[in-house]
Colleague: 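After the structure tokens below, expect a handful of questions from me.
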Amino acid sequence: METATPKKVIFSAVQPSGTITLGNYLGAIKNWVTMQDDYRCIFALADLHTITVRQDPAAFRRHSLEAYALFLACGIDPKKNPFFLQSQVHTHAELAWILNCYTQFGELSRMTQFKDKSAKHADNINAGLFTYPSLMAADILLYQSDLVPVGADQKQHLELARNIAERFNGAYSPTFTVPEPYIPKVGAKIMSLQEPTRKMSKSDENANSYIAVLDKPDDILRKFKRAITDSEARVHFAPEKEGVNNLMGIYSSITGLTNEQIEVEFEGKGYGDFKVRVAEAVIEELRPVQERYSQLISDKEYLEQCYTEGAQQALSISIRTLNKVMKKIGFLPKKF
Ligand code: ATP
Ligand code: LTN
């Protein structure tokens, strides 16, 4: 009799800290959607991480619900795999505290995100910003994750999670799966439309630099028309043509065309035609997402049901790891 090999476990999370951009969509969400069938996927909104930067309560609540609905609209299926809010699964904060005691001050001090964010928020360099990677390690290790899809900016945190897991396993006995980074085939880094040497980022102050997944078609068209290119006016891929390369990357992510095919399509045409075509492709790609989103966001009851079930499933998986960890450390067993 054939025995099915268990699916590998993938964990990933995104912070609900504002508008979800085309960068998030092409670089992360779209890949998550395709991974759902082949892996045991556990996805979360990392809302505990979000409060390392001060949030307005009403806006934070709204962003969290909107992000949850938007992920469903993009194709995350909460019936297939748990999709939940990190703050609703208490094991995350508990394991994070424990892992803090297995993480060195020196290790956390070396994190480039901590250095960047403390420079950016010099008036609020809180301890949460410093211990952010231990919470991220807890997120990952609670589910015995094999693979973690992350962008380049989160690689250092994942490396630290691996070190913490190995340290704990070495000090006691094998407890945590040591996770590997997962680099998806598609979903190149999408750059800012205004400063194409920087990545497209939802926290950019200039709204013309990013496309939000929920931007209206007119706004998408306008932003692409204004996108920075160069004076050569020829659609071809070259290292120094960052603006054009980025537009080609976006077009390629959506249509599946190679750079060579794109060059052929736009041969003899200027940037004006090219920008309009890229904008149209993005508008068409996002149209069904926007339609599903507007239905979902008006059905709060359904959203609540989905995230509640997600949290319940996540709790029942993660509590097993937390209990194991606590037992190994020597905490007395709970008798209630
Ligand atoms: P912030 O502006 O707050 O840094 P962000 O837009 O960069 O936010 P994150 O929450 O840091 O988004 O990232 C969520 C996911 O989206 C990560 O997996 C990240 O790699 C991916 N991602 C973010 N921006 C891009 C981008 N421009 N291109 C490709 N992937 C991206
Ligand atoms: N720090 C990540 C979000 C995040 C995450 C995780 C990603 C929180 N916990 C665990 C992968 C695995 C970010 O800001 N992109």
Side-chain angles (χ1 to χ4, degrees), residues 9-32 35 41-53 55 63-64 67 70-71 74 84-87 89 92-93 95-96 99 111-114 116-117 120-121 128-129 131-143 145-162 164-165 179-184 186-207 209-213 242 245-246 249-250 252-253 314 318:
V9 178
I10 286 199
F11 182 92
S12 203
V14 169
Q15 292 189 47
S17 47
T19 348
I20 303 287
T21 67
L22 186 66
N24 300 133
Y25 176 76
L26 295 175
I29 309 173
K30 234 182 144 185
N31 288 314
W32 289 14
M35 290 181 303
C41 292
I42 301 181
F43 296 136
L45 292 181
D47 54 351
L48 291 174
H49 279 107
T50 308
I51 64 160
T52 52
V53 175
Q55 301 293 317
H63 285 148
S64 300
L70 190 54
F71 274 69
C74 291
F84 62 99
L85 292 143
Q86 182 193 34
S87 63
V89 183
H92 288 249
L95 184 64
L99 296 185
M111 296 292 119
T112 52
Q113 179 179 294
F114 172 68
D116 292 349
K117 290 214 171 165
K120 207 165 154 193
H121 304 278
L129 203 56
T131 61
Y132 180 116
S134 325
L135 175 59
M136 186 161 154
D139 296 341
I140 297 166
L141 301 181
L142 275 170
Y143 299 93
S145 312
D146 297 294
L147 298 167
V148 182
V150 281
D153 58 327
Q154 298 297 317
K155 270 243 184 86
Q156 201 185 20
H157 293 162
L158 183 59
E159 197 50 46
L160 182 56
R162 287 168 53 84
I164 297 171
E180 302 282 341
Y182 178 89
I183 314 294
V186 284
K189 195 164 163 191
I190 308 299
M191 310 307 279
S192 155
L193 298 182
Q194 292 298 314
E195 277 178 81
T197 48
R198 292 178 31 183
K199 80 163 190 167
M200 183 181 283
S201 167
K202 58 176 148 0
S203 49
D204 202 312
E205 273 150 27
N206 182 356
S209 72
Y210 61 80
I211 302 289
V213 172
E242 289 107 354
N245 296 348
N246 187 37
I250 294 172
S252 163
S253 283
S318 58

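Start at 1 and go down the list; that is how both ligands and their atoms are numbered.
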Colleague: What are the atoms of ligand 1, with element, lying closer than 4.0 Å to any heavy atom of S203?
Modeller: 1 (P), 2 (O), 3 (O)
Colleague: Grab the two heavy atoms, one from T50 and one from Q55, that are nearest each other, plus how far apart they are.
Modeller: O-NE2, 3.2 Å
Colleague: Has S12 got a side-chain atom pairing as donor or acceptor with P149's backbone, closer than 3.5 angstrom?
Modeller: yes
Colleague: Can you confirm whether E242 sits close enough to E195 that some side-chain heavy atom of one is under 4.5 Å from a side-chain heavy atom of the other?
Modeller: no
Colleague: Classify the angle between the aromatic ring planes of Y132 and H49 as parallel (below 30°), tilted (30 to 60°) or perpendicular (above 60°).
Modeller: tilted
Colleague: Quick test of your reading of the structure: of G18, S17, G249, A28, whose heavy atom lies closest to atom 17 (C) of ligand 1?
Modeller: A28
Colleague: Give the numbers and elements of all ligand 1 atoms closer than 4.0 Å to a heavy atom of K189.
Modeller: 28 (N), 29 (C)
Colleague: Grab the two heavy atoms, one from L45 and one from S64, that are nearest each other, plus how far apart they are.
Modeller: CD1-O, 3.6 Å
Colleague: Report the residues that fulfil salt bridge (Lys or Arg N to Asp or Glu O under 4.0 Å) with D153, sequence neighbours left out, ordered by chain and then residue number.
Modeller: K199
Colleague: Is there a side-chain contact between L99 and L141 in this structure, where contact means two heavy atoms from C-beta onward sitting under 4.5 Å apart?
Modeller: yes
Colleague: Applying the side chain to side chain contact (heavy atoms under 4.5 Å, CB included) criterion to H121, which one of V53, D116, T52 satisfies it?
Modeller: V53
Colleague: Mind checking whether M200 has an N or O less than 3.5 Å away from an N or O of ligand 1?
Modeller: yes
Colleague: Going by distance alone, is a donor N or O of one side chain under 3.5 Å from an acceptor N or O of the other, for T112 and Q156?
Modeller: yes
Colleague: For ligand 1, does N24 get within less than 4.0 Å through its side chain, its backbone, both, or neither, judged by non-hydrogen atoms?
Modeller: both
Colleague: Let me know which protein residues bring a heavy atom to under 4.0 Å of ligand 2; chain then number is fine for ordering.
Modeller: F11, S12, A13, Q15, A46, H49, Y132, M136, D139, I140, V148, V150, Q154
Colleague: If you measure every N/O of I190 against every N/O of ligand 1, is any gap under 3.5 Å?
Modeller: yes
Colleague: I want to know if ligand 1 touches Q154 in the polar sense, i.e. an N/O pair below 3.5 angstrom.
Modeller: no
Colleague: Which of the atoms in ligand 1, numbered in the order shown and given with their element, are less than 4.0 Å from a heavy-atom of V14?
Modeller: 10 (O), 14 (C), 15 (C)
Colleague: Looking at H92 versus Y143, is the centre-to-centre ring distance below 6.0 Å?
Modeller: yes
Colleague: Say whether G23, considering both its backbone and side-chain N or O atoms, lies within less than 3.5 Å of an N or O atom on ligand 1.
Modeller: yes
